[in-house]
Number of protein chains: 2
Amino acid sequence: MEVEATTLANKVCDRIVKDIITGDIAQGQKLNEPELARIHGISRGPLREAMSRIEAMRLITRVPNVGARVVKLSYGELLEIYQIRESLEGLAARLAAQTMSVEEKSELRLLLTSHHKHILDTQGRSYFQQEGDVDFHYRIVHGSKNKRLIDMLAGDLYQLVRMYRYQFSLSSNRPEQALKEHDQICSAIEEGDGELAEWLMKRHINNARNNIMLRMQAQSDPQIGETP
Amino acid sequence: MEVEATTLANKVCDRIVKDIITGDIAQGQKLNEPELARIHGISRGPLREAMSRIEAMRLITRVPNVGARVVKLSYGELLEIYQIRESLEGLAARLAAQTMSVEEKSELRLLLTSHHKHILDTQGRSYFQQEGDVDFHYRIVHGSKNKRLIDMLAGDLYQLVRMYRYQFSLSSNRPEQALKEHDQICSAIEEGDGELAEWLMKRHINNARNNIMLRMQAQSDPQIGETP
DNA sequence: TCCATACATATTGTCTACACTTTTTACGTA
DNA sequence: TACGTAAAAAGTGTAGACAATATGTATGGA
């Protein structure tokens, strides 16, 4: 068994990203280098490399000679992200329909049946639907075979989506409906109908966005920003 | 006049990115840290921070304990990039049509007339059309007001596009046609017709892609990769 | 009381030195 | 000659110290 070679900077980068996504490091919080280095048991050199990467994925913002802060999530930015996802994942679905292998397609279908089973088991109040949703989208994105598209969607953008899900508790409250839409998309992909798959995926993400908007407006004033 | 505060890592990052884009640092070339540090007159600390960021924008790839190499451009990846641009810039055009201010729209129109003049002056063999094209797209992207979209398109992705343009000499050989398409897009934006603007932009980028494909196939075997 | 200035502290930016890994070179053996 | 092994060199990863900048605090004057 080969132990994957890596660096302290890599490991600490992953850990900090995780902490930011889960909210263990709060929005807008200042990142103190000596403190962070001490916490993770490394020196400031590799830590700063890690921070450079985290900055590049736009989870923190840095001001020269001042320091780094975790970004603040906002309602507006969430909508921006969904606009982009609609566009890019639509593309991914079209490409997936054209290029996914038979094996990949049948695995996708299997994934859906397991989701269906899970929803029945949990009577619809499926917490895991959230991760299942990620799974489904993740597979389609990879099925597109477009490396750069995969990097963009499965990389930085999904980290952000996960961050919002964690910190705004955005798990789906309509698992049956989402599953039905997934099923339609899967069928289109199985039939190699790229155009339809794209259209369905866009509508699916648009529905999800509208759903989120409604729920956020319901919370009279969403718990966003305003941490001075 | 305020001198923008910055760090050595930032400055050197920009310089190295530029060198990679122009080809002064060749595709696939190994980056030697002590040598690079000496060239730019800094120590390895800030240099490595710069490299972390350049890695994040996927202009170099790094292997732990081995080193960093400049990525290799490929025909396939160029097509991937154009697929993504078609999707995202289509979105940008739609948003721009909906949100650009009157001033922005008239500036966009002014830009086009100056391009038109320039093409007439240079009898169509417009070298600068290339940069003008970038300008036009750049403005629309910014007109979308979607910050993340702007970051994605005007940031890493355009660096890549510029790299291909430099190293494959991909300046447009159809400036009049491109200008006409720009004009159509501009009109749609002026009228606030987002759907049409999106459709036109997608076709425009698709045309550009087809044009590039033809020219690359013309070069019996494109001067791509194969630098061992 | 309020503001401005100067000092003290904390934090970031950078450099140098050292440890560890990989690659290259030299050598000996089949 | 070809191959494998071991030493040497080069290169990357990390730590700690120093320099430069920003922030906070205290003091003095209006």
Side-chain angles (χ1 to χ4, degrees), chain A residues 1-17 19-20 24-72 227-228, chain B residues 1-17 19-20 24-72 227-228:
Chain A
M1 196 58 185
E2 185 65 35
V3 178
E4 185 77 16
T6 189
T7 68
L8 291 184
N10 277 324
K11 280 185 279 195
V12 170
C13 178
D14 290 346
R15 286 166 63 181
I16 295 177
V17 165
D19 286 345
I20 290 176
D24 291 349
I25 304 177
Q27 298 174 41
Q29 183 175 326
K30 173 86 184 294
L31 297 183
N32 183 300
E33 291 184 10
E35 188 188 339
L36 262 183
R38 188 180 47 72
I39 289 174
H40 294 95
I42 63 173
S43 73
R44 282 178 53 222
L47 176 72
R48 284 174 61 88
E49 284 184 46
M51 288 174 68
S52 290
R53 279 206 285 271
I54 299 174
E55 182 191 15
M57 57 171 75
R58 305 181 204 291
L59 290 179
I60 65 175
T61 57
R62 256 176 153 180
V63 180
N65 293 312
V66 174
R69 309 195 86 95
V70 178
V71 297
K72 291 182 187 172
T227 317
Chain B
M1 196 58 185
E2 185 63 36
V3 178
E4 184 77 16
T6 189
T7 68
L8 290 184
N10 278 323
K11 280 186 279 196
V12 170
C13 178
D14 290 345
R15 286 166 65 181
I16 294 177
V17 165
D19 287 344
I20 291 176
D24 291 349
I25 304 177
Q27 298 175 43
Q29 183 176 325
K30 172 82 184 294
L31 298 182
N32 183 303
E33 290 184 10
E35 187 188 340
L36 262 182
R38 188 179 47 73
I39 290 174
H40 293 95
I42 64 173
S43 74
R44 283 179 50 223
L47 176 72
R48 285 174 61 88
E49 282 184 46
M51 288 174 68
S52 290
R53 279 206 285 270
I54 299 174
E55 182 190 15
M57 56 173 76
R58 304 182 204 292
L59 290 178
I60 65 176
T61 57
R62 256 177 154 179
V63 180
N65 291 312
V66 173
R69 308 194 87 95
V70 178
V71 297
K72 291 182 188 173
T227 316

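A, B, ... follow the sequence lines: proteins, then strands. Residue 1 opens every chain. What you see below is based on every heavy atom in this structure, not just the backbone, and it leaves out hydrogens, waters and symmetry mates.
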**OP:** Would you kindly give the CG-to-C1' distance between L8(B) and dT21(D), to the nearest whole Å?
**Re:** 13 Å

Original post:
With D14(B), which residues qualify under side chain to side chain contact (heavy atoms under 4.5 Å, CB included), at least two apart?
Top reply: none

Original post:
Which of these passes side chain to side chain contact (heavy atoms under 4.5 Å, CB included) with V70(A): D19(A), L31(A), I16(A)?
Top reply: L31(A)

Original post:
On DNA chain D, nearest-nucleotide positions of V66(A) versus A9(A): which is more 5'?
Top reply: A9(A)

Subject >> Close approaches to DNA chain D from residues 32-39 of chain B, in residue order (heavy atom, under 4.0 Å) >> reply: N32(B), E33(B), P34(B)

Original post:
Do you know the tightest heavy-atom contact between M51(B) and A68(B)?
Top reply: CE-CB, 3.5 Å

Subject >> side chain to side chain contact (heavy atoms under 4.5 Å, CB included) partners for K30(A), two or more places apart >> reply: R69(A)

Please output the side-chain donor-acceptor pairs of residues 60-67 of chain A that fall under 3.5 Å, not counting sequence neighbours, one pair per line with the distance.
{"residue": "R62(A)", "atom": "NH1", "partner": "S52(A)", "partner atom": "OG", "Å": "3.3"}

Between side-chain atoms of residues 33-42 of chain B and protein atoms elsewhere (two or more places apart, or another chain), which donor-acceptor pairs fall under 3.5 Å?
{"residue": "E33(B)", "atom": "OE1", "partner": "R44(B)", "partner atom": "NE", "Å": "3.1"}
{"residue": "E33(B)", "atom": "OE1", "partner": "R44(B)", "partner atom": "NH2", "Å": "3.1"}
{"residue": "E33(B)", "atom": "OE1", "partner": "R48(B)", "partner atom": "NH1", "Å": "3.4"}
{"residue": "E33(B)", "atom": "OE2", "partner": "R48(B)", "partner atom": "NH1", "Å": "2.9"}
{"residue": "H40(B)", "atom": "ND1", "partner": "L36(B)", "partner atom": "O", "Å": "3.1"}

Original post:
Under the side chain to side chain contact (heavy atoms under 4.5 Å, CB included) test, which residues partner A9(A), sequence neighbours left out?
Top reply: T7(A), P46(A), E49(A), R53(A)

Original post:
Between which nucleotides of DNA chain C, read 5' to 3', does contact with chain A run, using atoms under 4.0 Å from its heavy atoms?
Top reply: dT11(C) to dT14(C)

**OP:** Could you tell me the separation between the CD1 atom of I25(B) and the CD1 atom of I54(B), rounded to the nearest 0.5 Å?
**Re:** 7.5 Å

Original post:
Please give, in whole Å, the distance from dT21(D) C1' to N10(B) CG?
Top reply: 15 Å

**OP:** To the nearest Å, give me how far apart NZ (K11(A)) and C1' (dT14(D)) are.
**Re:** 12 Å

Original post:
For DNA chain C, which residues in residues 42-60 of chain A have a heavy atom at a distance below 4.0 Å?
Top reply: R44(A), R48(A)

Original post:
Closest heavy-atom contact between R58(B) and V71(B)?
Top reply: O-CG1, 3.5 Å

Original post:
Reckon K30(B) has a side-chain N or O less than 4.0 Å from the OP1 or OP2 of dT12(D)?
Top reply: yes

**OP:** Take the C1' atoms of the five end pairs on each side of the helix from dT1(C)-dA30(D) to dA30(C)-dT1(D), get both axes, and report the angle to 10 degrees.
**Re:** 10°

